[in-house]
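One structure below.
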Amino acid sequence: MVEIKTDASVDAMREAGRVVAQALTAVKKAAAIGVTLKELDEVAREVLREAGAGSPFLGYRPDWAPVPFPGVICASVNEAIVHGVPTEYRLRDGDLVSIDCGAKLDGWVGDSAISFTVGRAREADVRLIDTARAALDAGIAAAVVGNRIGDIAHAVGTVCRAAGYGIPQDFAGHGVGRSMHEGPDVPNEGRPGRGMKLRHGMVLAIEPMVMAGGADDYGHAPDGWTLVTLDGSRAAHAEHTVAITEAGPRVLTAL
Ligand code: MG
Ligand code: MG
């Protein structure tokens with residue numbers, strides 16, 4: 001089901017989105033060599049707590065998950081693509097980290113993700129991260145009234161493929177609202193002019209994921225949550241929650 005939000009609801013979602021942006025900013029600032037993923041989760045928890053926000057991640061358990069998700073962030077390092085569990089793993093020089101965070105404020109959810117490097121960055125990682133961001137920007141630019149879901153998917157996928165990267169096909173963006181995952185699905189690759197028409201008041205999480213090896217293959221790590229590349233190549237993720245408006249796309253998860 002696709003829920004069309006009122007302008008007042010979108011304004012409320014902007015406040016939830018702002019909390020997510022603050023949490024991601026704080027986590028990125030805290031991320032350094034020797035810091036554990038669990039400590040980064042604590043940083044995000046503190047931001048949510050201060051804002052009076054809940055976490056749509058904590059305790060989340062889709063059908064395929066072996067246990068409820070234990071953190072308020074997903075922390076996916078190097079070959080981990082998304083859904084990484086914030087463990088006692090200590091960040092090392094040159095790690096590529098993807099952090100996904102959600103917040104629920106006054107009943108509304110925001111969902112956003114960033115990737116960055118710790119210590120000395122590899123050139124290939126910088127290019128991977130930049131591509132995920134560029135794909136997100138292209139997806140946002142296509143998120144306009146009158147376009148279709150396929151136009152966003154095509155915009156995202158074109159940037160990722162042009163760079164030679166793989167795309168995990170079974171994972172997509174999604175509608176966002178009172179719950180984290182609503183209709184419609186927003187794939188990271190698709191055909192322009194296809195799919196649902198975009199209307200004022202739709203709110204979508206657009207979230208490109210790219211795999212450096214170029215293959216589309218991925219699998220679950222033994223923890224049952226973390227998605228990893230099968231070739232061991234590194235991955236990056238970028239996500240914003242975006243409202244479709246007559247005035248153009250409105251990013252709700254910026255600072
Ligand atoms: Mg997310
Ligand atoms: Mg999402």
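Whatever order the structure lists them in is the order used to number ligands and atoms, beginning at 1.
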Identity of the N, O or S atom of Glu239 lying closest to the Mg ion (ligand 2):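 That would be atom OE2.
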Of all N/O/S atoms in His174, which lies nearest to the Mg ion (ligand 2)?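 It is NE2 of His174.
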A quick test of your reading: do over 12 heavy atoms of other residues, nucleotides or ligands sit less than 6.0 Å from CZ of Arg49?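 Yes - once you tally the heavy atoms of other residues, nucleotides and ligands closer than 6.0 Å, there are more than 12.
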Just checking Asp106: does its CG atom have more than 12 heavy atoms from other residues, nucleotides or ligands closer to it than 6.0 angstrom?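 No, because the 6.0 Å sphere around CG of Asp106 holds 12 heavy atoms or fewer from other groups.
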Are Thr253 and His240 close enough that a side-chain donor and a side-chain acceptor fall under 3.5 Å?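 A pair is found: one side chain offers a donor N or O, the other an acceptor, under 3.5 Å apart.
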At a threshold of 2.8 Å, where the distance has to be below it, does the Mg ion (ligand 2) have an N, O or S atom of Glu207 nearby?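 Under 2.8 Å: Glu207 contacts the Mg ion (ligand 2) through an N, O or S atom.
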Under 30°, 30 to 60°, or over 60°: which ring-plane class applies to His181 and His174, parallel, tilted or perpendicular?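 Plane angle over 60°, so perpendicular.
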For N/O/S atoms only: which one belongs to Asp111 and is nearest the Mg ion (ligand 1)?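 Going through the N, O and S atoms of Asp111 one by one, OD1 ends up nearest to the Mg ion (ligand 1).
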Can you name the N/O/S atom of Asp100 that is nearest the Mg ion (ligand 1)?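 Asp100's closest N, O or S atom to the Mg ion (ligand 1) is named OD1.
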Between CD on residue Glu207 and CG on residue Leu136, distance to nearest 0.5 Å: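 Going from CD on Glu207 over to CG on Leu136, the span is 9.5 Å.
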